[in-house]
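Not measured: the values here are computed from a predicted model. Below, read A as the first sequence line, B as the second, and so on, with proteins coming before strands; counting in each chain starts at 1. For the numbers below, each heavy atom of this structure counts, side chains included, while hydrogens, waters and symmetry mates do not.
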2 protein chains.
Amino acid sequence: MDTRTLCLAILQKGAASGYEIKKKLEEMPYRIFQEVGFGSIYPALNRLLEAGHVTVQAQAQRKRPDKKVYAITANGRQELEGSLLHPPAQDRFRSDFLFVLFHSELLAHEELADLFDTRITELKSTIDQMHACDLSGASPGARFVHGYGLTYYENALDYLCTHREWLLDETEARRQTTSATWCPEVSSTVPGGDR
Amino acid sequence: MDTRTLCLAILQKGAASGYEIKKKLEEMPYRIFQEVGFGSIYPALNRLLEAGHVTVQAQAQRKRPDKKVYAITANGRQELEGSLLHPPAQDRFRSDFLFVLFHSELLAHEELADLFDTRITELKSTIDQMHACDLSGASPGARFVHGYGLTYYENALDYLCTHREWLLDETEARRQTTSATWCPEVSSTVPGGDR
DNA sequence: GATGTATATATCAATCTGATATATGCATCC
DNA sequence: GGATGCATATATCAGATTGATATATACATC
């Protein structure tokens with residue numbers, strides 16, 4: 001979803017500055033399905049201004065820099081609702097972690113093991129944070145997306161834990177027999193289904 | 001991962017044209033963790049040429065346009081291996097589908113139901129395709145990533161199937177009681193954990 | 001004083017996105 | 001027969017995004 005639509009979605013819930021919009025988009029559950037930087041937020045807000053989808057009001061603050069608070073217009077609400085009616089674009093997923101694992105043979109055993117352990121630690125931390133989220137005032141949509149994200153992280157953690165040794169061992173074996181047709185012993189957690 | 005590194009990864013397995021590189025990146029298991037367009041492949045190949053990480057040879061073809069076949073250099077291999085040693089960047093996931101579900105209250109009941117059904121159909125098709133993949137010659141890394149992706153799709157399908165009715169019903173109830181503090185009956189598949 | 005953090009707005013070079021253009025063939029349809 | 005569509009190929013473009021940086025008002029720490 002383009003940055004304009006994301007800003008409209010946040011502003012639909014209440015007026016906010018560019019900085020506040022970014023902060024909200026970094027929280028759960030937005031964080032599960034979107035990511036956006038200042039470099040695209042401010043140009044997007046300016047485009048929304050030009051299109052009459054938002055208005056802006058400068059505010060002075062004590063002990064803090066001035067801020068510009070943006071509010072959605074009726075046109076902006078219409079625009080947001082219109083974009084929800086389009087068939088959603090394909091999900092987009094990019095993972096340098098999986099790219100590196102795909103090339104496991106080019107990595108040393110220890111480096112590969114470290115990658116796993118770092119990612120497993122991160123996943124556990126994310127899952128803990130998500131379990132601590134207070135969803136008491138959340139909409140059905142928010143709860144659903146939260147649950148979707150949590151399920152993903154839990155399953156990813158489970159997959160990494162149950163297949164870590166397999167990849168380390170297979171990669172080691174492959175490295176030692178790169179030209180052989182050796183068929184390794186099949187274990188119960190062999191990825192790729194039947195052999 | 002930037003497009004140059006992706007191109008080097010493909011060329012490491014054998015020389016290829018820009019078009020062939022894109023085709024390979026669209027296949028499993030690359031498709032699970034990366035996506036890239038011609039608009040970035042050709043400039044990336046040109047930059048790799050300038051850097052001496054690839055060489056290029058033009059080839060005429062019968063009944064087809066000429067093609068330019070790129071091959072990785074020793075410098076290019078070093079570059080690829082070097083990039084595998086950096087800590088991987090954070091995974092990036094964007095989903096318009098989840099964005100729309102997050103705003104379920106702004107959609108009509110039928111529209112919401114259609115979204116679910118379309119996605120469920122797509123997921124089943126993807127899972128079928130992945131089950132039909134021949135992994136007999138695949139590397140451990142490729143098998144691992146394939147398994148990771150398949151697990152994700154299967155779990156996403158499961159989550160959608162088990163929570164579809166919940167979101168439709170909750171959203172409907174919320175729409176009818178938007179200012180109430182009504183507490184709905186808790187079912188065994190309520191997302192968001194404890195209430 | 002330098003460094004770091006938080007709140008704020010803004011910008012920039014490099015890269016990517018989605019679409020489009022062009023070219024060589026072949027197949028199908030009205 | 002011409003238009004349309006597909007596949008194989010290379011290339012480009014306007015708009016958008018990315019990651020970093022700059023600037024400003026405060027405050028805290030070393």
On DNA chain D, nearest-nucleotide positions of B/G18 versus A/D2: which is more 5'?
B/G18

Atom CD of A/Q59 and atom C1' of D/dT25 are separated, to the nearest Å, by 16 Å

Examine C/dC16: is either OP1 or OP2 under 4.0 Å from a nitrogen or oxygen in the side chain of A/R92? Give yes or no.
no

Please confirm whether the shortest side-chain N or O distance from A/T3 to OP1 or OP2 of D/dA16 is below 4.0 Å.
no

A/E20 vs B/V36, nearer the 5' end of DNA chain C by closest nucleotide
A/E20

For residues B/R92 and A/E35, report the shortest heavy-atom separation together with the two atoms involved.
CG-OE1, 3.7 Å

Does NZ or CZ of B/K67 fall inside the cone over B/Y19's six-membered ring, less than 6.0 Å from its centre and within 45° of the axis?
no

Residue-phosphate contact under 4.0 Å: A/R64 side-chain N/O, C/dT5 OP1/OP2
no

Residue-phosphate contact under 4.0 Å: A/Y42 side-chain N/O, C/dA10 OP1/OP2:
no

Closest non-hydrogen atoms of B/D96 and A/A89, given as atom of the first, atom of the second and distance, are OD2-CB, 3.3 Å

In whole angstroms, how far is the P atom of C/dA10 from the CG atom of A/D66?
11 Å

Which nucleotide sits closest to the side chain of A/Y70: C/dA8, C/dA10, D/dT12?
C/dA10

Does A/G39 reach a base, just sugar-phosphate, or nothing at all? Heavy atoms under 4.0 Å.
base

Could you state the atom-to-atom distance from CD1 of A/I21 to P of C/dT7 in whole Å?
15 Å

Residue-phosphate contact under 4.0 Å: B/Y19 side-chain N/O, D/dT8 OP1/OP2
yes

Report yes if a side-chain nitrogen or oxygen of B/S17 is closer than 4.0 Å to either non-bridging phosphate oxygen (OP1 or OP2) of D/dT8; otherwise report no.
no

Charged N to carboxylate O under 4.0 angstrom, A/K23 versus A/E20?
no

B/K68 vs D/dA9: side-chain N/O to OP1/OP2 distance below 4.0 Å:
no

Specify the separation, in whole Å, of atom CZ of B/R47 and atom C1' of C/dA14.
8 Å

So does A/R94 get a side-chain nitrogen or oxygen closer than 4.0 Å to the phosphate oxygens (OP1/OP2) of C/dT17?
yes

Select one nucleotide: of D/dT17, D/dT8, C/dT15, the one nearest the side-chain heavy atoms of B/P65.
D/dT8

Ignoring the backbone of A/K23, work out which of C/dT7, D/dT17, D/dA9 is nearest its side chain.
C/dT7

Do the ring centers of B/Y148 and A/F102 come within less than 6.0 Å of each other?
no

Check the distance between D/dA16's C1' and A/M1's CE and give it to me in whole angstrom.
15 Å

Below 4.0 angstrom from OP1 or OP2 of D/dT25, is there any side-chain N or O of A/R62?
no

Report yes if a side-chain nitrogen or oxygen of A/K63 is closer than 4.0 Å to either non-bridging phosphate oxygen (OP1 or OP2) of C/dT7; otherwise report no.
no

Residue whose nearest DNA chain D nucleotide is more 5′ - A/F38 or B/K67
B/K67

B/N46 CG to C/dC16 C1', straight-line distance once rounded to whole Å
15 Å

Pairwise 5' ranking along DNA chain C for A/Q61 and A/S40, keeping only the more 5' one:
A/Q61

Nearest whole angstrom, please: distance from the P of D/dG15 to the CG of A/L48.
17 Å

Between the side chains of A/S125 and A/D128, does any donor sit under 3.5 Å from an acceptor?
no

Rounded to whole angstroms, how far apart are CD1 on A/I41 and C1' on C/dC12?
17 Å

